[in-house]
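Read the structure below first, then the notes.
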Amino acid sequence: MDEFTEKIKKQYSVPENHTLVSTGFRWEGSRKGQDTDAHTYQQIDENGNVCAEYLVKDSTSIYPPQKRTISISKR
């Protein structure tokens, strides 16, 4: 399990019997001194149905000190 799935499970109280599956990644580029990556995940229940989708934005400052911000939204 990666750090993003841990954060999603904690923030949105995903049931233990549900699985989070990475469904995509894109680099959003560098804007306003921030380098941003976007990751998408689907929450799958025990029957294989998609319950929810999440967007994780991982942004890092390109100037020292390199501060990192991770934001998660449910879609």
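This is a predicted model, so every value here is computed, not measured. Note: hydrogens, waters and symmetry copies are ignored here, and every other heavy atom, side chains too, is used.
- Annotation: side chain to side chain contact (heavy atoms under 4.5 Å, CB included) contacts of Gln34 (sequence neighbours excluded): Thr36, Ser59, Ser61.
- For Glu16, there are no side-chain hydrogen bond (donor to acceptor under 3.5 Å, both in side chains) partners, not counting sequence neighbours.
- Scanning for side chain to side chain contact (heavy atoms under 4.5 Å, CB included) contacts around Thr69 gives Lys67, with sequence neighbours left out.
- For the ring pair (Phe, Tyr, Trp, His ring centres under 6.0 Å) condition, the pairs that include at least one residue of residues 41-72, sequence neighbours left out, are Tyr12-Tyr54.
- The hydrophobic cluster containing Ile44, built from Ile/Leu/Val/Met/Phe/Trp/Tyr side-chain heavy atoms closer than 4.5 Å, also comprises Val21, Val50.
- The OG atom of Ser22 sits 7.5 Å away from the CG atom of Asp2 when rounded to the nearest 0.5 Å.
- Among residues two or more places apart in sequence or in another chain, the side chain to side chain contact (heavy atoms under 4.5 Å, CB included) test is passed with Arg75 by Thr40, Glu53, Leu55.
- Each salt bridge (charged side-chain N to carboxylate O under 4.0 Å, His left out) pair with one or both residues in residues 19-29, not counting sequence neighbours, appears once here: Arg26-Glu28, Glu28-Lys57.
- Looking only at side-chain heavy atoms (C-beta outward), Pro15 and Gln43 come within less than 4.5 Å of each other.
- Every residue two or more places apart in sequence or in another chain that forms a side chain to side chain contact (heavy atoms under 4.5 Å, CB included) with Gln66 is listed here: Thr60, Pro64.
- Applying the ring pair (Phe, Tyr, Trp, His ring centres under 6.0 Å) rule to pairs touching residues 13-36 yields Phe25-His39, sequence neighbours excluded.
- Residues Ile70 and Val14 are members of one and the same hydrophobic cluster, defined by side-chain heavy-atom contacts under 4.5 angstrom among Ile, Leu, Val, Met, Phe, Trp and Tyr.
- Legend: salt bridge (charged side-chain N to carboxylate O under 4.0 Å, His left out) pairs involving residues 29-41, not counting sequence neighbours: none detected.
- Atom CD in Glu6 sits 7.0 Å away from atom NZ in Lys9 (nearest 0.5 Å).
- Note: Leu20 CG to Ile8 CD1 = 5.5 Å, rounded to the nearest 0.5 Å.
- Shown here for Ile72 and Gln11, the closest heavy-atom pair between the two residues is O-NE2, 3.5 Å.
- Asn47 pairs by the side-chain hydrogen bond (donor to acceptor under 3.5 Å, both in side chains) definition with nothing, not counting sequence neighbours.
- Look at Glu3 and Arg68 and you find a salt bridge, because one of the NZ, NE, NH1 or NH2 atoms lies within 4.0 Å of a carboxylate O, short of that distance.
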